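Report on the following structure.
Predicted model only: the values in this text are computed from it and were never measured.
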Amino acid sequence: MGAARTSRTPLPGIGVRYDLVTRERRRLSVVAEKDGARTLSAYRRNGPEDDPALSVRLDAQEAALVVDALRPAHHSPSLLSTTELGLVAERVGLSQSSHWNGRLLGDTRTRTETGVSIVAVLRRTEALPSPGPDFRLAGGDTLIVIGTREGVDAAAEILGRE
């Protein structure tokens, strides 16, 4: 088996295509569009170059979740392990058509109804820590939520309202 190889091809007006050939000679490509969307394609070992076996289009938020799954945060013994305490931390995204788009975080009543804490909001390229009830939400925001499994699931239900 050879070494993994990568290449990068500009796609004028669209974005950039990244190609990876693994050590096992499997080919993957990612088209990174200017709006943050990504199309991930996997090809058959000896199949045609233009006919992927699998192709999945992800919006910017979904792509960020896949990146997190592929590159988890470094574990440090000094970090709090929430699962040992019966807590979970998750990202909950607000769609562009979210009912909460433009509304205050306090209007969601998420903490009151579920007991979870929203510890940060990720918006575009910045993290906004410790948002208060007067924080104005926007479609496309990703909220970092910590609480019990049941509470986080209930919060995701509330925040997922269209």
Side-chain angles (χ1 to χ4, degrees), residues 1-83 87-102 105 110 116 118-129 131 135-147 149 152-162:
M1 286 184 217
R5 300 183 326 265
T6 62
S7 64
R8 180 176 188 232
T9 306
L11 302 173
I14 298 171
V16 178
R17 177 179 169 149
Y18 299 90
D19 289 291
L20 167 71
V21 178
T22 69
R23 287 179 293 162
E24 297 174 342
R25 295 195 177 112
R26 302 298 306 245
R27 193 165 71 85
L28 303 171
S29 72
V30 175
V31 174
E33 298 177 30
K34 290 181 177 184
D35 67 356
R38 302 289 189 262
T39 300
L40 173 64
S41 299
Y43 297 84
R44 290 176 186 80
R45 196 174 300 248
N46 295 317
E49 298 259 333
D50 60 350
D51 184 26
L54 171 72
S55 188
V56 179
R57 189 168 197 287
L58 305 168
D59 64 25
Q61 188 174 30
E62 293 164 334
L65 292 171
V66 170
V67 167
D68 285 347
L70 292 172
R71 187 180 57 194
H74 175 72
H75 176 72
S76 168
S78 64
L79 294 176
L80 174 65
S81 176
T82 57
T83 54
L87 300 174
V88 295
E90 287 190 5
R91 292 176 180 230
V92 177
L94 295 182
S95 70
Q96 293 295 334
S97 59
S98 172
H99 171 77
W100 307 110
N101 188 5
L105 179 59
T110 301
V116 305
I118 298 171
V119 298
V121 175
L122 308 178
R123 181 174 287 164
R124 293 182 198 86
T125 59
E126 68 180 317
L128 307 162
F135 180 87
R136 193 161 303 278
L137 297 168
D141 282 351
T142 299
L143 286 67
I144 307 299
V145 180
I146 295 180
R149 169 82 274 150
V152 169
D153 288 345
E157 183 85 18
I158 291 169
L159 297 167
R161 185 172 166 199
E162 294 287 319

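- R91 has its side chain within reach of I144: a pair of non-hydrogen atoms, C-beta onward, lies under 4.5 Å apart.
- Taking the side chain as every heavy atom from C-beta outward, Q61 and L94 never approach each other to under 4.5 Å.
- A 4.5 Å side-chain heavy-atom check between L137 and L143 finds at least one atom pair inside the cut-off.
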*Apply side chain to side chain contact (heavy atoms under 4.5 Å, CB included) to the pair W100 and T110, showing each step before the final yes or no.*
CA-CA 12 Å; W100 307 110; T110 301; over 6 Å; no
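- Once rounded to the nearest 0.5 Å, the distance linking NE2 of H99 with CG of L159 reads 11.0 Å.
- The closest side-chain heavy-atom distance from D153 to R149 is below 4.5 Å.
- The neighbour count for R45 CZ, taken as heavy atoms of other residues, nucleotides or ligands under 6.0 Å away, is above 12.
- Here S55 contributes atom OG and L40 contributes atom CG; the two are 7.5 Å apart, rounded to the nearest 0.5 Å.
- In this structure, CZ on R17 lies 10.5 Å from OG1 on T39, to the nearest 0.5 angstrom.
- At least one donor-acceptor pair under 3.5 Å links the side chain of R38 to the backbone N or O of G36.
- Residues A63 and L58 approach most closely at N-CB, 3.9 Å, considering heavy atoms.
- V31 places none of its side-chain heavy atoms less than 4.5 Å from the side chain of R57.
- The distance from the CZ atom of R124 to the OG1 atom of T142 is 11.5 Å, given to the nearest 0.5 Å.
- Pairing each heavy atom of S41 with each of P52, the nearest pair is CB-CB, 3.9 Å.
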_Quick one, D19 with R5, criterion side chain to side chain contact (heavy atoms under 4.5 Å, CB included). Give me CA distance, side-chain angles, the key distance, then yes/no._
CA-CA 8 Å; D19 289 291; R5 300 183 326 265; over 6 Å; no
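- A distance-only check finds no donor-acceptor pair linking the side chain of E126 to the backbone of R123 [under 3.5 Å].
- Between V116 and G147, the closest heavy-atom pair is CG1-CA, 4.1 Å.
- Looking only at side-chain heavy atoms (C-beta outward), V145 and E90 stay at 4.5 Å or farther from each other.
- Contact record, E162 with S98: OE1-N, 4.2 Å, taken as the closest heavy-atom pair.
- Between R8 and Y18, the shortest heavy-atom contact is NE-OH, 3.5 Å.
- Looking only at distances, a side-chain donor or acceptor of N101 sits under 3.5 Å from a matching main-chain atom of Q96.
- Formation of a donor-acceptor pair under 3.5 Å by the R27 side chain with backbone atoms of V21 is not found in this model.
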